Every structure is written in C-alpha cells, then in structure tokens.
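Scroll down for the structure; my scribbles are underneath it.
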Amino acid sequence: MDQNSQAVSKVTVPVILDRKLRGEKITCLTAYDYPTARLVDEAGIDMILVGDSLAQTVLGYNSTVPVTVEEMLHHLRAARRGIRRALLIVDLPYGAYHVSDEQALACSVRFLKEAGAEAVKFEGGRKRAGLVRRLVEAEIPVLGHIGLTPQSIHTMGGYRVQGRTLDSASELLADAEALEEAGAFAVVLEGIPRELAAIITRRLRIPTIGIGAGPDCDGQVLVFHDLVGLSFAPRARFVRSYADLAETLRQAFLNFRTDVAEGRYPDDHESYHWSAALREQFEKEMSRPA
Ligand code: KIV
C-alpha cells in the first residue's frame, strides 16, 4: 500500500522484461514536468521518458544537441514528483557520454541519486556496447536507442528514416543484438521500416519500443507534445494526435482576452465579498461627518 492507501503496482525493469515473455504491449510517453508526468502516470502508462526531445518541445532549441545535463536534471526532478507507478527513464543528453565512459557514469549516477531516475537511455548501437556494460555493472539499467538517432543530426544530414538498404538494415540488426548482449533491458527503434523492426523484435529477447517503427514492436513510445497536438513542427507520418491542445489553448487565451476587454471577467461570483455586517459598519463610518 502506498502513502494514500491505494495499491500501486510499481513498474520495474523486471516487469518490462516479463511483458515481452507474456506478449503484453508496453507503453511509454515523454513527460518533462510535474503535471504532465502525473497525468501520464495516472493514465497507467508503463514508462515515462524525460527525453532530450524537451530541448525542442519545451525549451525551443532547434535540435536536441544544445540541451545540458543541468537542464535535464531540472525537468527530471519535476517529473519525478508526479510519478508513483511508471518506470522513470532519462536521456543522457548529447555530450554527456561522448567524452568518456567515466563521464557517462558520473552523469547517470547524478540522474539516479539527485533526481530519482530509474534507468538511463542513450543513442547508438555497437559503439555504445562497452558503455552499456559499464553502466549495467554499476547497477544502472540502460534503454538503448538506434535507428533515427536525433543527436546525430549533423552526421545523418537531417532526420531521415534509417535501415532502408540491406546494408544499413544488417547494421541496425547487429546494433540491436550488441545492445542486448551488453545488458540493455530494452531498445528504442526510431524511424525504421516496419519490416526491419519486426525482424529485430523477433530476434531479441529484450523488448523493442518503437517510434515510427510500425506496429510489430513490443511497445510504443510517443512524444507527449505530438500525442496531444501541442507541437509547432510539421507532423511526422507516424504521429497520431489524440487531442488538439494547441487549438484548445489558443481559443482559451482569446476568450480570456475578450472577456477582460469587454468587462465580462471577473463577474460577481468570481469576486470575494464583505459580510453584510462589515458592509453596514463601513457605510456607517463613511456617512459620519468628518
Ligand atoms: O527524446 C525523446 O523524446 C526520445 C523519444 C523520441 C524516444 O528519445
């Protein structure tokens, strides 16, 4: 029982691994602050990712490259306060694991100790296998991420679907297998053809979590702002918007502006009042000659 006496079946890494054995789908959404993390958690989503996509969705950078460890920590702490059930995963931002494995370990330890992360994610396949091993040895669960890896925007030359040739598909399969072998508990497959995602999913014992990788993955992840229609970027083919919050918010702001301008907000019910006795007393005071 938790502090509010409601049973909460906490999602852990073993629970996620077990889902694949049972053939039960896994859900994951990004969240970067207290209210969204809380709503996502209360909806029963299994994993919450404080993704470095927050660079674009909430900080207004034009790629994920500039976001810093301190910025990630700030959002991770806020999300942590809203979560009771979901597994909380955080991205290592660009530059936090590219200098050395020791640097990556130090950053991951901060995310766990100072902000309550339960796992870390970073981009790359075979070239990150050693780092995955190092972190797993330090009791830090790792979620891999291959395919379209946004931190490689400059080497990819843009956000492009990967694995569209036989060679690149074989490379991605080898990457996925290397991450599993190194001890990752699951792998995000981003922006790859569904046929390749299906093959990787069949070949791995650990779950695959797809984003733009078709329906055959063991789970699906979406960016919160895409799911609720709160993004300014053109919508990618794989995004399904379940709400149009941008339009709802725009309308709310316009309505507020008009109501204030036309004196309709606030009305009497939205105002505080004196008691009748106080009003009478005040009126008496005011009518007394000076
Ligand atoms: O940063 C992020 O939101 C991600 C997801 C797209 C998987 O890495």
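Each ligand, and each atom within it, is numbered from 1 in the order the structure gives. Please read these numbers as outputs of a predicted model, since none were measured by experiment.
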* **Nearest protein heavy atom with distance in Å, relative to atom 4 (C) of ligand 1** => Leu49 CD2, 3.6 Å
* Under the ring pair (Phe, Tyr, Trp, His ring centres under 6.0 Å) test, which residues partner Phe224, sequence neighbours left out? -> none
* Structure fact -> Under 4.0 Å from one or more heavy atoms of Thr30, ligand 1 contributes atoms 3 (O)
* Asked: Between Arg128 and Glu123, does at least one N-O distance fall below 4.0 Å, as a salt bridge requires?
  -> no
* Counting each atom of ligand 1 from 1 as listed, which ones have a heavy atom of Lys121 under 4.0 Å away? -> 4 (C), 8 (O)
* Which ligand 1 atoms does His145 reach within 4.0 Å, using its non-hydrogen atoms? -> 8 (O)
* **Under 3.5 Å donor-acceptor, Asp41 side chain and Arg85 backbone** => yes
* Using the six-membered ring wherever Trp is involved, compare the ring planes of Tyr97 and Phe122 and label them parallel, tilted or perpendicular (cut-offs 30° and 60°). => tilted
* **Atom indices of ligand 1 within 4.0 angstrom of Asp91 heavy atoms, with elements** => 1 (O), 2 (C), 8 (O)
* Proximal ligand 1 atoms for Gly51, defined as those under 4.0 Å from one of its heavy atoms -> 1 (O), 2 (C), 3 (O)
* For His145, check ring pair (Phe, Tyr, Trp, His ring centres under 6.0 Å) against everything at least two apart and list the hits. => none
* To do: Could you tell me whether Asp52 approaches ligand 1 through its side chain, its backbone, both or neither, with non-hydrogen atoms closer than 4.0 Å?
  => both
* **Whether Gln103 side chain and Gly95 backbone form a donor-acceptor pair below 3.5 Å** => yes
* Part of Leu54 with heavy atoms under 4.0 Å of ligand 1, whether side chain, backbone, both or neither -> neither
* Asked: Of Thr30, Val239, Val40, Leu29, which meets side chain to side chain contact (heavy atoms under 4.5 Å, CB included) against Leu227?
  -> Leu29
* **Heavy-atom proximity to atom 2 (C) of ligand 1, best of Pro93, Ser53, Gly210** => Ser53
* To do: Provide the number and element of each atom of ligand 1 under 4.0 Å from a heavy atom of Ile211.
  => 6 (C)
